[in-house]
Amino acid sequence: AFHRMQVILSEVGLLAVAGSILGTLFGVWGSRLLANQAPASLPRAGEIEFDGSAAIVVVLTVIMLTLIGSMASLIIAARSKGGISEATRGRGVTSSEASRAVGRRLITAQVALSLVLLVGAGLFMRNLIDLVRTDPGFSTDSTLSFRVSLDALTYPEVPDVTFAQHTIRDRLASLPGVSSVGLASALPLRAATNQSGWFLVGSPLEDGKEPNLVLDMFRVTPGYRQAAGLRILQGQDLDETRTHEALIDDVLASTYYPEGDAVGKRIHQAGADTLTIVGVLDHARLYNVHSDDRPQIYTLLDLYPTRTVFGAVRSDRPPEELIRSVQAAVWSFDASLPVSEVVSFENIFSDAVAGDRMNLSLVATFALAALLIATLGLYGVIAGSVTRRKIEIGLRVAIGADSGEVVRWVARDALRLVLWGVGLGLIGALILTRLFSALLVNVSPFDPQTYLICCIVMLAAGGLAAWLPTRRALAISPMEALRAE
């Protein structure tokens with residue numbers, strides 16, 4: 001018996017080592033893939049790499065747990081009738097009822113864990129689909145953006161800066177196929193926070209020391225609204241011939257002008273000129289695609305000049321084909337100007353949801369791996385049960401049992417395990433999904449549709465795991481079963 005224990009532990013140890021080596025290779029490949037696909041906006045994305053020290057700890061842990069699990073099975077077998085010798089003679093360590101019960105509980109736990117991960121992946125997928133379908137308030141196609149800065153030595157005065165920016169805009173507008181061009185102090189989904197206090201003329205607090213409200217302020221040129229695809233809901237666009245004007249978004253308009261009479265109202269900063277609201281824009285996501293509902297105001301760039309601006313060029317050509325033309329147009333005015341951060345609006349939006357895509361990829365990978373392991377575990381349990389009851393099945397067939405009865409018997413065994421696992425998995429998912437509820441937008445961590453689909457997938461995996469053993473059971477003949485005995 002002791003010799004057989006040594007043999008079994010040696011075999012299990014070799015399997016654990018082989019599995020650890022294979023897992024390590026997958027870890028190296030996976031970490032490289034993750035580093036290549038990680039978005040640049042992800043914090044410390046450049047530090048993603050395979051950690052050899054962590055891998056050694058994981059491998060040793062896997063081998064240790066595998067051997068501990070094997071020892072537990074051997075102890076159970078030793079306590080069973082006939083001891084280790086009987087339990088391992090031609091039938092494997094799990095031939096005892098106690099050991100089989102432990103194995104079935106482990107499979108149930110695998111199914112439960114798989115369902116938890118599947119639900120997490122499903123919620124992240126629903127979240128990503130919702131984000132991709134979210135209307136960001138601007139057009140994500142046919143527009144190329146760039147950044148250009150004017151240094152103080154070459155352009156020391158405000159008129160110099162204004163002249164340079166107007167000239168650059170005019171030269172971009174003359175490019176073939178360009179329909180609209182604009183400059184702005186920030187781009188959608190890439191804006192830095194620029195909040196400032198404002199007073200609403202006619203408000204009871206107008207004469208106080210504190211402003212009525214705090215707004216996100218953006219400075220733009222005429223043409224930027226069309227180039228960025230910002231939609232005007234009421235009123236008209238900005239005009240350079242009328243400098244003291246402003247556009248506000250519908251968040252501000254609906255909050256402070258619920259009667260829909262925002263156009264014509266006046267607004268100003270402390271100690272600054274009063275501006276007239278000439279139009280209301282559809283709210284655009286300027287900071288975050290998840291949630292960005294702070295009120296906004298757009299003023300003319302010439303009224304509040306800045307040396308660093310972002311250009312938006314809309315054309316009937318693909319944005320990628322405009323890059324050289326845009327650079328050449330800027331450099332035709334001043335070859336020393338740096339033209340950087342050249343990117344299409346489509347890629348800006350894609351980068352904004354890149355972190356969500358990465359979260360989905362990670363959770364989905366773990367979920368699929370857990371689903372595969374659970375399916376293989378179910379297959380092993382059901383196949384072992386069919387093998388152990390080979391004689392019984394053959395005799396049932398010999399006395400008249402039809403194939404449907406055999407199928408129901410095998411399916412019932414698999415379904416019992418899956419249902420227990422699904423039940424426990426649902427409880428675990430309901431508890432654990434609260435941990436990442438903050439990462440979900442407009443998707444409830446208790447979304448019933450996601451839970452239902454994941455349960456169906458888990459049941460389908462259980463059916464697949466039982467299919468091959470069922471075919472094997474149907475192929476058993478009474479004579480074969482008697483010879484096996």
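In this text, all values refer to a predicted model and were calculated from it rather than measured experimentally.
- Side-chain contact between Leu426 and Cys455 is present, with at least one heavy-atom pair separated by less than 4.5 Å.
- The aromatic rings of Phe345 and Phe138 lie perpendicular to each other, with more than 60° between the two planes, well past the 30° mark.
- Atom OG1 of Thr306 is separated from atom CG of Leu183 by 11.0 Å, given to the nearest 0.5 angstrom.
- Note on ring orientation: taking the six-membered ring where Trp is involved, the planes of His268 and Phe199 are parallel (angle under 30°, cut-offs 30° and 60°).
- For Arg225, the salt bridge (charged side-chain N to carboxylate O under 4.0 Å, His left out) partners two or more places apart in sequence, or in a different chain, are Asp237.
- Nearest heavy atoms, Ala227 versus Thr143: O-OG1, 2.9 Å.
- Taking all atoms of both residues into account, the shortest heavy-atom contact from Glu341 to Phe310 is OE1-CE2, 3.6 Å.
- Here Leu150 contributes atom CG and Ile168 contributes atom CD1; the two are 6.0 Å apart, rounded to the nearest 0.5 Å.
- At distances below 3.5 Å, at least one donor-acceptor pair connects side-chain atoms of Thr255 with backbone N or O atoms of Val251.
- One side chain, Arg171 or Ser332, offers a donor N or O that lies under 3.5 Å from an acceptor on the other.
- Inspection of the Ser139 and Arg314 side chains reveals an N or O donor paired with an N or O acceptor under 3.5 Å.
- Taking Glu245 as the reference, Arg242 meet the salt bridge (charged side-chain N to carboxylate O under 4.0 Å, His left out) condition, with sequence neighbours excluded.
- Heavy-atom contacts from other residues, nucleotides or ligands closer than 6.0 Å to CD of Glu346 number 12 or fewer.
- When atom types are taken as modelled, the side chain of Ser185 and the backbone of Arg219 share a donor-acceptor pair closer than 3.5 angstrom.
- Side-chain contact check for Gln269 and Ser196: at least one donor-acceptor pair (N or O, by modelled atom type) lies under 3.5 Å.
- The backbone N or O of Leu252 lies less than 3.5 Å from a partner atom in the side chain of Asp249, making a donor-acceptor pair.
- One N or O on the side chain of Asp250 and one on the backbone of His283 form a donor-acceptor pair closer than 3.5 Å.
- Counting only N and O atoms by type, the side chains of Arg307 and Ser149 include no donor and acceptor under 3.5 Å apart.
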